[in-house]
Enquirer: 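The structure is given below, and queries will be raised subsequently.
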There are 2 protein chains.
Amino acid sequence: MSQREAGIDLDTSLGYLLKEAASALRTAMEEVLRPLGMNVTHYSCLELLAQRPGLSNSELARGAFVTRQSMNTLLQALERDGFVTRPAAPPVGKALPARLTPRGRQSLEAASAAVRSVEERMLSGLTGEDRSEAFRILRSMTRALREGPVDS
Amino acid sequence: MSQREAGIDLDTSLGYLLKEAASALRTAMEEVLRPLGMNVTHYSCLELLAQRPGLSNSELARGAFVTRQSMNTLLQALERDGFVTRPAAPPVGKALPARLTPRGRQSLEAASAAVRSVEERMLSGLTGEDRSEAFRILRSMTRALREGPVDS
DNA sequence: CACGGTATGTCAGACTCCTGACATGAGTCA
DNA sequence: TGACTCATGTCAGGAGTCTGACATACCGTG
């Protein structure tokens with residue numbers, strides 16, 4: 001019965017399609033990151049730090065869509081392995097600004113190229129206008145979901 | 001420094017936006033499903049069974065984007081709690097067709113309404129044309145990601 | 001018929017991530 | 001100054017999911 005799994009009515013649900021696309025993207029990313037010894041959260045953390053040096057643990061967690069606890073565990077491993085550095089004492093408050101080491105930057109380079117190729121493949125069937133539309137629509141969806149969590 | 005977390009260059013990446021939207025959707029869904037004692041996988045399983053009675057464990061796993069081991073664990077709990085039923089022996093092959101019990105159908109009803117309201121909120125800022133575009137674009141993305149996992 | 005390839009259900013172990021909780025530091029306001 | 005609120009880092013425990021493995025059942029080709 002596995003020959004014809006199509007036809008599920010859920011295929012008309014944009015929520016389901018969104019989840020499906022995100023799942024496919026995650027799978028494709030993990031596929032190219034695995035040979036480099038990384039997973040998606042791992043890569044996301046490094047990419048965030050490359051573009052915004054000095055982000056704190058909590059900020060990285062929000063950017064990678066995980067909890068600060070998970071990001072903290074990851075950061076400790078990344079620090080132990082020499083990919084990122086954090087000062088021993090917080091310069092202000094409690095936030096410890098993290099930065100990439102040269103090794104971290106080098107490790108990111110290959111991963112970033114791999115991920116870019118995946119993203120390019122994802123967009124290969126879309127025109128420039130399609131991409132602009134996708135940008136606008138996805139941002140609208142995210143904003144609408146976040147702004148009205150309260151039941152009215 | 002938490003006041004201004006915006007401006008990350010990743011905001012121009014459709015891959016990141018896709019992940020962001022999916023994360024927001026998942027969070028919103030979990031938020032409305034938690035009071036009902038469900039999580040997203042739980043709901044997905046029931047919704048799939050409502051629309052396609054008799055799906056096997058493996059088919060449900062693919063539909064909910066988890067492994068068949070995870071779905072098997074969930075199905076055993078759902079069966080134990082009387083939400084779904086499976087025949088003691090497979091009618092053909094090894095696949096055990098699962099079906100909702102009346103209790104499962106009733107439990108799904110409230111959850112389905114809650115999830116529909118979340119999806120409606122997500123789409124509230126989009127026109128009918130936007131939704132058609134989103135449908136086409138998301139399907140294109142998913143297909144492109146799945147068709148070419150091999151490096152060329 | 002025998003065989004290999006594919007798909008399924010299930011068990012066991014390990015891992016990731018989350019929820020809950022606590023203490024600390026900064027800002028706000030009386 | 002002191003109390004309150006918020007954000008952060010971190011620890012402990014648990015729920016959920018995955019990887020790996022095994023046995024079984026169908027289907028194709030030889």
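Order of the sequence lines sets the chain letters (A, B, ...), proteins ahead of strands, with each chain counted from 1.
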Enquirer: B:M38 versus B:S107: any side-chain heavy-atom pair under 4.5 Å?
Expert: yes

Enquirer: Mind checking whether B:L33 and B:H42 have side chains closer than 4.5 Å, heavy atoms only?
Expert: no

Enquirer: Looking only at heavy atoms, what is the nearest atom pair of B:L49 and B:G54, with distance?
Expert: CD2-N, 4.4 Å

Enquirer: Treating primed atoms plus P, OP1 and OP2 as sugar-phosphate and everything else as base, which nucleotides of nucleotides 9-18 of chain C get B, S or - for protein heavy atoms under 4.0 Å?
Expert: BBB-----SB

Enquirer: Going by ring-ring contact (aromatic ring centres under 6.0 Å, His included), name the pairs with one or both residues in residues 63-120 of chain B, residues two or more places apart or in two chains.
Expert: A:Y16-B:F65

Enquirer: Got B:Q76 and B:R86 here, is their nearest side-chain heavy-atom distance under 4.5 Å?
Expert: yes

Enquirer: Rounding to a whole Å, what distance do you find between B:R34:CZ and D:dG16:P?
Expert: 11 Å

Enquirer: Can you give me the bend angle of the helix from C:dG4-D:dC27 to C:dA30-D:dT1? Use the axis through the first five pairs and the one through the last five, nearest 10 degrees.
Expert: 30°

Enquirer: Is the closest basic N to carboxylate O distance between A:R136 and B:D130 below 4.0 Å?
Expert: yes

Enquirer: Of all the heavy-atom pairs spanning A:T41 and A:R26, show the shortest one and how long it is.
Expert: OG1-NH2, 4.4 Å

Enquirer: Report the distance from atom CE of B:M29 to atom CZ of B:R34, rounding to the nearest 0.5 Å.
Expert: 12.5 Å

